[in-house]
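What follows is a short report on a single structure.
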Amino acid sequence: MHHMNSLAIPSPRGFDGVVQGVTLLDLIQMECLAMSTRAVRVEHSGRSGRIFFTGGQIVHAEVDALKGEPALFELLRWSAGSFIIED
């Protein structure tokens, strides 16, 4: 049986793609529970925004010209869309 050597290309961790029926609030709770430090890009109807996490806490958000809390509340109002985790 052959073992892959340590120079093999590492595969990215986690899942990629679209999750049906998950709200942005669900996603935020998952990031907080995972103590994540990364950004989540959220897209909906040609608009996109980002939520930034540090150690599982939301530290910043932005969408269009909005920044901080107003941006987060705007993103939470979106009823549908997609998200991309950016490490």
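Since the model is a prediction, treat every value here as computed from it, not as a measurement.
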Run Glu86 and Arg38 through side chain to side chain contact (heavy atoms under 4.5 Å, CB included) and show every step you take. CA-CA 6 Å; Glu86 301 178 330; Arg38 56 189 174 192; 6.0 Å; no
Gap separating the [atom1] atom of [X] from the [atom2] atom of [Y], nearest 0.5 angstrom:
| X | Y | atom1 | atom2 | answer |
| --- | --- | --- | --- | --- |
| Glu62 | Leu75 | CD | CG | 9.5 Å |
| Glu31 | Asp26 | CD | CG | 12.0 Å |
| His44 | Arg77 | NE2 | CZ | 10.0 Å |

Give a yes or no on whether Met30 atom CE has more than 12 heavy-atom contacts from other residues, nucleotides or ligands under 6.0 Å away.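 It does: Met30 CE has more than 12 such atoms within range.
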Heavy-atom pair of closest approach, residues [X] and [Y]:
| X | Y | value |
| --- | --- | --- |
| Gly56 | Cys32 | O-SG, 3.0 Å |
| Thr37 | Gly55 | OG1-N, 2.8 Å |
| Ser48 | Val63 | O-CG2, 3.7 Å |

Intermediate values then yes/no, side chain to side chain contact (heavy atoms under 4.5 Å, CB included), Ile51 and Leu24: CA-CA 10 Å; Ile51 303 171; Leu24 189 54; 4.2 Å; yes
Given the rule in the side chain to side chain contact (heavy atoms under 4.5 Å, CB included) test, do Phe53 and Ile28 qualify, once you have shown the distances and angles that lead to the verdict? CA-CA 9 Å; Phe53 296 87; Ile28 288 169; 4.1 Å; yes
ILVMFWY network linking Leu33 to Phe52, side-chain heavy atoms under 4.5 angstrom: no
Tell me whether Leu76 shares a hydrophobic cluster with Ile85, the cluster being built from Ile, Leu, Val, Met, Phe, Trp, Tyr side chains joined at under 4.5 Å. yes
Ile84 side chain near Val40 side chain, heavy-atom distance below 4.5 Å: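 Ile84 vs Val40: side chains apart.
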Side-chain (Thr54) to main-chain (Val59) donor-acceptor, under 3.5 angstrom: no
Derivation of the side chain to side chain contact (heavy atoms under 4.5 Å, CB included) call for Arg47 and Trp78: CA-CA 10 Å; Arg47 297 171 71 195; Trp78 295 1; 3.6 Å; yes
Salt bridge flag under 4.0 Å for residues Arg50 and Glu43: no
